[in-house]
Amino acid sequence: MSDASLTPRRIPDRLHSPAARLLGSWELLLLVVAVAIFIANSLASPYFLNAWNLSDATFNFTEKAMIAFAMALLIIAGEIDLSVASIIALASTAMGAAASVGVGTPGLIVVGLATGLACGAFNGALVTRLGLPSIVVTIGTMSLFRGISFIVLGDGAYRDYPSDFAYFGQGYVFWVISFEFVLFAVLAVIYYVLLHRTNFGRTVYAIGNNATAAQFSGIRVARVKFILFLLTGLMSGVAAICLTSRLGSTRPSIGMGWELEVVTMVVLGGVSILGGAGSIPGVVIAAFVMGLVTFGLGLLNVPGIVMSIFIGLMLIGVIALPRLWKMWRK
Amino acid sequence: MQLSVESRQFDSPRSDISDTPVLALRDITKTFPGVKALDGVSLELFPGQVTALIGENGAGKSTLVKTLTGIYQPDSGTIHVAGAPVTFATAQDASVAGITAIHQETVLFDELTVAENIFIGHAPRGRFGLIDWKAMRSRAAYILARIDADLDPDTPLRDLGIASKHLVAIARALSVDARVVVMDEPTAALSHKEIEELYDLVDRLKAEGRAILFISHKFDEVFRIADRYTVFRDGTHVGAGLMADVTEGDLVRLMVGRDVNQIFPERRKAPGDDVLKVVGYAHPTEFENINFTLRRGEILGFYGLVGAGRSEVMQALFGITKPSKGVTQIDGQIKVIRSPAEAVEAGIVYVPEDRGKQGAVIGLPIFQNVTLPSLTQTSRSGFLRLSEEFALAREYTERLDLRAAALDQDVGNLSGGNQQKVVIAKWLATKPRVIILDEPTKGIDIGSKAAVHAFMAELAAQGLSVIMVSSEIPEVLGMSDRVIVMREGLIAAELEGDDLTPETLVRFAAGIGESA
Amino acid sequence: KGAEEAAAELGNVEVIYTGPTDTTAEGQIEVINALIAQQVDAIAVSANDTDALVPVLKKAMQRGITVISWDSGVAAEGRELHLNPSSNPLIGNMIIKLAADELPEGGKVAVLSATTTSTNQNTWIAEMNKVMGNYEGIEVVGTVYGDDLADKSYREATGLMQTYPDLDAIIAPTSVGIVAAARAVEDAGKVGQVNVTGLGLPSEMAGAIESGASKSFAIWNPIDLGYSATMLAYQLATDAAEAAPGAEIPMGRMGTLTLDENTEGAMADPFVYDASNINDFKDIF
Amino acid sequence: MSLFKSREALLAGAILVLLALIASRFPAFIAPDNLARVFTDTSPLLILALGQTVVILTRCIDLSVAANLALTGMVCAMLNAAMPGVPVVVILLIAVTLGAVMGMVNGLLVWKLAIPSIVVTLGTMTIYRGTIFLISDGAWVNAHEMSAAFTGFPRATVLGLPMLAWFGILAAVVMIVMIRSTPLGRAFYAVGGNPHAAVYTGISVGRTQFWAFTLSGALAGLCGYLWVARYAVAYVDIAGGFELEVVAACVIGGISIAGGAGTILGTILGALFLGIVKNALPVVDISPFWQMAISGTAIIVAVTLNTRNTKRKGRIILRRAQEQTEGATA
Ligand SMILES: Nc1ncnc2c1ncn2[C@@H]1O[C@H](COP(=O)(O)OP(=O)(O)OP(=O)(O)O)[C@@H](O)[C@H]1O
Ligand SMILES: Nc1ncnc2c1ncn2[C@@H]1O[C@H](COP(=O)(O)OP(=O)(O)OP(=O)(O)O)[C@@H](O)[C@H]1O
Ligand SMILES: [Mg+2]
Ligand SMILES: [Mg+2]
């Protein structure tokens with residue numbers, strides 16, 4: 001209303017201070033939930049606060065979380081991969097087949113990762129080359145990949161893995177700190193940097209918010225999405241190595257149903273299923289929350305099916321409560 | 001009524017208008033997170049009269065329209081229809097009260113037919129309350145005939161061009177027997193001829209005693225059809241009165257709070273060497289035989305009726321679509337451009353026409369939009385550096401006089417015009433060689449328009465080559481060194497110097513005096 | 001139910017009965033981890049996967065927990081002993097005998113199994129194939145998998161009847177499969193032509209016996225099984241007995257369990273149910 | 001319109017080819033009474049797919065249908081076991097109502113709290129499933145506990161077809177009329193095609209989605225009774241994983257996962273296609289281990305063909321091209 005418009009207006013960088021943004025953030029809310037669950041667990045069960053038990057509990061989520069990191073990026077970019085659990089099965093089968101002809105541990109790792117990458121590339125090509133919706137494509141490949149596993153293995157199993165292969169799923173780096181947990185932590189940092197600190201991460205957000213405009217801004221949208229499918233496949237391969245090592249055997253039903261748990265973890269972590277928003281710290285906390293809830297209820301001998309009610313309620317509740325609160329205040 | 005001091009002089013001193021307002025809004029306030037879009041504004045509409053609502057981009061015009069059609073609910077204030085207070089919970093409520101609108105955005109459904117698009121929400125019902133398709137078709141055909149639109153009611157909307165879609169939107173507004181017809185920038189996507197038809201329509205509606213609210217950034221239009229005016233600035237009401245009492249200059253001053261030079265910037269025409277050469281572009285269905293050159297420091301206008309295929313040619317040049325034939329040369333070198341990324345590398349950038357869908361990445365903050373194509377510039381070995389991003393974003397947005405609360409604000413919260421500025425800033429930051437502006441001032445207010453024009457001139461003066469696709473004749477004439485006229489996917493003419501007149505443009509664009 | 005009976009009999013035993021979300025090995029591992037954390041004295045597990053549970057059960061044993069498997073077994077290194085409801089050869093023989101008894105002139109039979117990974121099913125079918133030679137004229141024409149899903153088993157059974165229009169019997173050594181197969185036979189109007197047999201629970205099969213879709217089927221008493229498993233776990237956990245090949249371990253009212261060289265033992269013979277006795281058992285289990 | 005027609009024609013063609021292929025290996029498959037049997041067997045899938053179609057049209061997805069079916073089925077079975085005298089009509093009403101209420105819960109969460117549907121239904125899916133365990137204590141309800149009227153109803157034949165098949169036909173007819181000729185039916189398209197614009201036409205996006213979920217829930221409830229009665233058994237896991245098959249049927253039928261596009265006829269054909277594949281695999285003597293891979297491939301191929309067919313070829317601006325297309329259609 002004044003004549004300030006004559007000279008260019010000075011636009012401030014930020015509307016809110018970083019502290020204010022943190023205060024209103026999803027991650028903080030989740031962290032509060034996680035701490036609350038931790039306290040509740042330690043009160044409810046005398047067995048909870050025990051280093052070894054907590055260490056065992058981490059296995060409930062480490063492998064799923066590894067996939068969840070890549071899945072988070074994929075979902076932020078507006079795609080989804082429901083075939084991850086089937087990739088685990090196929091990668092594990094490939095490793096089992098390799099082990100049965102005498103391939104050593106390093107070779108098995110290569111086989112596992114390569115299978116994951118190949119599956120990711122297949123999904124990625126179908127989505128980016130043929131322009132198919134990823135949710136449908138990966139419902140298809142979910143059957144296809146596990147189906148191949150069934151064709152190869154039938155009702156058999158691979159169980160002759162080299163003894164040093166057991167390290168990835170059963171080894172400990174230091175005292176109670178398992179190899180899987182260390183890998184989980186390292187991957188969390190890597191994915192944090194990738195998503196929040198690099199150009200690549202920025203393009204992921206841009207694509208998720210508006211893929212057309214991103215393309216019109218010179219971003220190679222198809223290529224970025226393809227890479228994300230590759231990453232998700234790769235992480236499924238990593239998870240396959242850990243899980244296979246932990247189980248010491250492979251059957252085609254390995255990891256059945258994990259895709260929904262991974263997606264649940266990602267969504268609980270505050271990633272918008274519609275794409276464009278979310279963070280790695282959120283997913284990390286969500287992984288802990290899910291691990292703590294399942295382990296805590298397990299200690300109380302709550303049957304798994306009842307546990308899943310809690311997860312379902314939490315998934316909806318954690319999103320619904322802040323919204324209800326806002327509506328209430330209005 | 002809340003008026004600012006300087007506007008009081010424009011208020012009509014006469015109170016001899018006998019008829020009472022059919023629609024009156026009083027002290028309407030509407031806030032969005034971080035923005036007070038409307039701050040205690042009032043507006044009255046009278047039967048048989050056209051009221052023009054004018055204001056800069058982001059002044060709150062569209063927000064007001066949405067408030068009085070039930071899409072938004074005001075935070076405070078009242079709406080009176082024929083003297084009685086009403087509240088609209090949904091668009092249907094407003095429609096029942098006799099208020100209909102052609103909205104700024106196209107609010108249509110690609111998968112439905114023309115007839116359904118016209119009647120959705122109030123389709124004629126037959127037995128058992130089921131939709132009466134026959135009645136709907138015939139009534140749609142009747143309305144379409146009324147506005148001279150040659151469209152089949154059964155065509156799926158997705159098969160129509162943008163101009164035809166706009167006619168459907170108009171037909172939709174007329175399908176309700178409304179006391180009040182709101183038109184939010186109805187002419188933005190229409191061609192010359194269709195605009196004239198729209199004027200006729202407005203005249204007819206007036207004669208039928210309907211009240212019309214007409215929003216436009218084009219003053220010639222406003223003076224052509226409006227009886228009254230209301231001016232908003234930054235969400236406040238700054239003046240209202242009778243058109244007869246004001247001049248264009250008065251309105252502009254009210255709108256922007258200062259004088260604006262509407263004359264196109266003075267330009268020294270000294271085109272340099274050929275920078276871009278397009279040879280033999282062709283596409284199976286969209287265009288054919290497209291040849292032109294662009295010189296250094298030149299502004300090359302592309303004129304044509306809406307739907308002539310100009311945007312398609314530009315998008316091919318920018319690597320979005322693949323032409324079946326043809327080559328692109330830059331500085332005499334053949335460049336293969338298969339994607340926008342390659343176009344940007346080659347120094348060609350494109351400001352699209354549809355900024356909501358193709359221009360701005362809504363959901364990302366302003367600064368991230370600006371730096372999106374320049375990330376390599378602001379980062380170190382692939383890692384982001386926020387301070388550099390803010391610096392780059394600030395440099396270009398402030399040069400374009402962007403109105404925003406902060407650089408980390410979501411672009412989605414900006415008005416259309418300001419979004420356009422963000423898109424232009426994004427490209428300028430890449431320091432391109434050729435910039436293609438597709439309808440750069442479509443829906444932009446007069447103040448910003450002048451800024452964009454001045455900026456274009458400055459860019460050209462700095463040696464950047466500009467292609468400007470525009471459907472506005474004054475703009476084409478005022479800004480271009482040379483103009484290519486397109487019609488039905490072909491280049492109809494290339495005009496320069498004395499050949500460049502409004503008449504020649506219209507003649508070649510419409511194909512008058514030639515055998516088709 | 002049987003486990004509680006045993007607990008009551010023993011007096012100082014608390015039974016925790018729990019299960020995973022779904023029937024996957026990964027889920028069972030989470031449950032076992034939770035049990036290890038509670039420092040239980042013994043774990044008796046019916047495994048979803050022979051091999052996958054081995055590492056976690058080994059860990060349990062390292063921490064001094066007695067581990068036995070029952071019904072669906074775990075590979076030998078993952079448990080101290082395995083309690084078969086009945087001896088595998090016996091069951092293998094039983095299921096084919098039930099079919100053959102109704103087919104004095106021989107005929108075609110097909111097998112409807114559960115999932116391709118269920119150990120016990122596969123063992124029984126393998127044992128059955130071993131003794132096929134004893135049943136002259138009986139031909140096993142195919143094996144299909146209903147995945148322990150009612151709808152898929154139904155569809156597979158229907159498919160079998162179509163593929164082999166002269167099929168005489170369907171053997172389903174799975175409680176879900178046998179019910180679905182009986183249903184499919186009823187719906188196809190082939191009661192009397194195709195006899196459904198195998199392993200099932202009287203409560204679930206009462207209807208099929210009544211309709212005639214199934215003439216007879218066999219099963220062991222699941223209450224006894226729970227009872228025996230609890231007894232065995234108690235014996236081992238209190239170090240009253242040791243699981244070694246050849247060992248004989250008492251199981252309360254169920255007698256003693258004799259372990260073979262794989263430290264497996266069989267509880268009792270399966271019991272055959274038909275129209276004559278079904279009504280006495282259908283409300284029990 | 002022509003695009004739509006050709007898409008469905010393509011699918012119908014594919015079904016015929018499929019039937020011909022099956023017949024070449026197993027002629028009895030295409031005998032009329034067998035086809036009727038296949039249709040009957042496909043009816044639950046069809047009914048659920050019809051409900052899912054409406055949900056997908058509004059840009060949502062309902063992953064809770066199978067759990068809804070199972071819970072309703074369990075309630076009906078327990079009710080019948082406890083009170084054998086309750087007539088089937090009442091049970092049907094209860095099933096539909098209960099299913100609709102569960103759909104409404106989904107719908108309310110999507111509408112009032114604006115939580116993305118995939119998150120809501122992922123959550124309610126586990127909650128509904130878990131509830132079955134809670135009410136049944138993990139126990140089965142078996143054939144002999146159900147009354148003859150209860151289990152006999154879906155199998156009672158009328159005019160040569162079992163009631164189950166008639167329900168499939170009835171649902172299809174009602175849905176065709178509803179989608180084509182009611183304001184709500186058209187609103188489903190409007191909301192999915194352009195939710196932003198729907199608001200401008202006075203259609204409430206949330207309310208329309210709410211009704212879509214309600215409809216989907218009601219149909220799932222209906223299936224719950226039919227399913228349990230048909231297989232004469234109710235337990236926690238019935239129809240596990242069926243939701244993905246239902247989505248697959250819609251997608252194969254050409255319902256765009258992005259919302260707003262597709263026809264009921266497409267869904268019917270999509271469900272039939274899957275139903276035929278499922279019923280044919282056991283009879284054409286393909287190793288059971290191949291089944292999964294084959295259905296996965298079928299989904300991928302079908303969606304590839306569908307998307308190919310609808311891909312935009314650009315606008316027609318050139319007069320030459322215009323005349324060509326007009327010549328082609330004339
Ligand atoms: N949904 C929304 N959320 C947040 N802010 C909004 C929203 N809609 C509009 N605004 C803000 O409200 C103000 C008024 O916008 P409005 O669209 O009414 O302007 P306008 O006068 O129509 O401008 P134009 O001439 O560019 O169309 C702008 O600052 C805009 O950024
Ligand atoms: N029916 C349609 N199908 C697909 N895209 C369309 C359709 N109508 C318009 N568009 C797109 O919308 C934008 C604007 O369309 P418009 O009618 O202005 O055509 P245009 O060819 O860009 O016109 P002009 O040549 O005047 O620029 C263009 O990007 C065009 O590709
Ligand atoms: Mg506006
Ligand atoms: Mg254009």
Side-chain angles (χ1 to χ4, degrees), chain B residues 66 69-72 88-96 101 103 105-113 116-117 119-123 125-133 154-159 161-162 169 172 282-288 307-309 311-312 321 486-490 516, chain D residues 1-5 57-59 174 176-208 254-256 258-263 310-326 328-329:
Chain B
K66 290 177 196 172
T69 49
I71 293 152
Y72 292 161
F88 299 143
T90 67
Q92 220 121 43
D93 295 350
S95 165
V96 168
H103 289 280
E105 306 91 300
T106 43
V107 293
L108 299 167
F109 307 95
D110 270 347
E111 292 296 324
L112 304 183
T113 64
E116 266 200 282
N117 267 288
F119 282 104
I120 190 148
H122 52 270
R125 309 280 202 89
R127 260 184 308 162
F128 312 119
L130 297 181
I131 292 171
D132 185 347
W133 281 83
D154 281 334
T155 322
L157 196 79
R158 78 184 115 80
D159 292 350
I162 219 135
R172 174 172 174 78
H283 180 279
T285 60
E286 294 176 345
F287 49 80
E288 215 169 39
S311 300
E312 277 73 11
T321 49
M486 280 191 70
R487 182 165 57 87
E488 288 172 354
L490 302 172
Chain D
M1 268 295 148
S2 63
L3 270 180
F4 275 97
K5 283 206 182 108
L57 277 180
T58 64
R59 279 198 191 175
V174 168
I176 286 175
V177 172
M178 200 272 306
I179 283 280
R180 229 192 100 71
S181 296
T182 67
L184 182 65
R186 304 319 292 170
F188 291 139
Y189 281 92
V191 161
N194 191 347
H196 184 69
V199 177
Y200 285 80
T201 57
I203 296 171
S204 159
V205 175
R207 189 195 305 267
T208 308
I255 308 298
S256 161
T263 64
T310 53
K311 215 165 241 172
R312 293 235 157 102
K313 290 174 191 74
R315 302 173 59 200
I316 297 170
I317 296 173
L318 287 171
R319 189 165 287 264
R320 180 172 53 79
Q322 222 156 7
E323 278 155 9
Q324 268 172 14
T325 49
E326 271 155 25
T329 49

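Because only heavy atoms are used, hydrogens play no part in the values below, and waters and symmetry mates are left out as well, while side chains stay in. Source: prediction; values computed, not measured. Letters A, B, ... are given to chains in the order of the sequence lines, protein chains preceding strands, and every chain is numbered from 1.
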Heaviest contributor of heavy-atom pairs below 4.5 Å to chain B, chosen from D:S204, D:S256, D:G193, D:G260, is D:G260

Out of B:D93, B:T155, B:I120, B:T90, return the one with the most heavy atom pairs under 4.5 angstrom to chain D.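 The candidate making the most pairs under 4.5 Å is B:I120.
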
Heavy atoms of D:T58 and D:F188 approach each other most closely as CG2-CD2, 3.4 Å

Report task. Measure up the B:H122 and B:F119 rings against each other and bin them: parallel (under 30°), tilted (30 to 60°), perpendicular (over 60°). Result -> perpendicular

Enumerate, atom names and distances included, each donor-acceptor pair closer than 3.5 Å involving a side-chain atom of residues 176-183 of chain D, sequence neighbours excluded.
unit_1, atom_1, unit_2, atom_2, d
D:T182, OG1, D:M178, O, 2.6
D:T182, OG1, D:G185, N, 3.0

Handout entry: Under the salt bridge (charged side-chain N to carboxylate O under 4.0 Å, His left out) test, residues paired with D:R186 that sit two or more places apart
Key =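 For D:R186, the residues satisfying salt bridge (charged side-chain N to carboxylate O under 4.0 Å, His left out) (neighbours in sequence not counted) are B:E116.
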
The interface call for B:L112 against chain D, heavy-atom contacts under 4.5 Å, is side chain

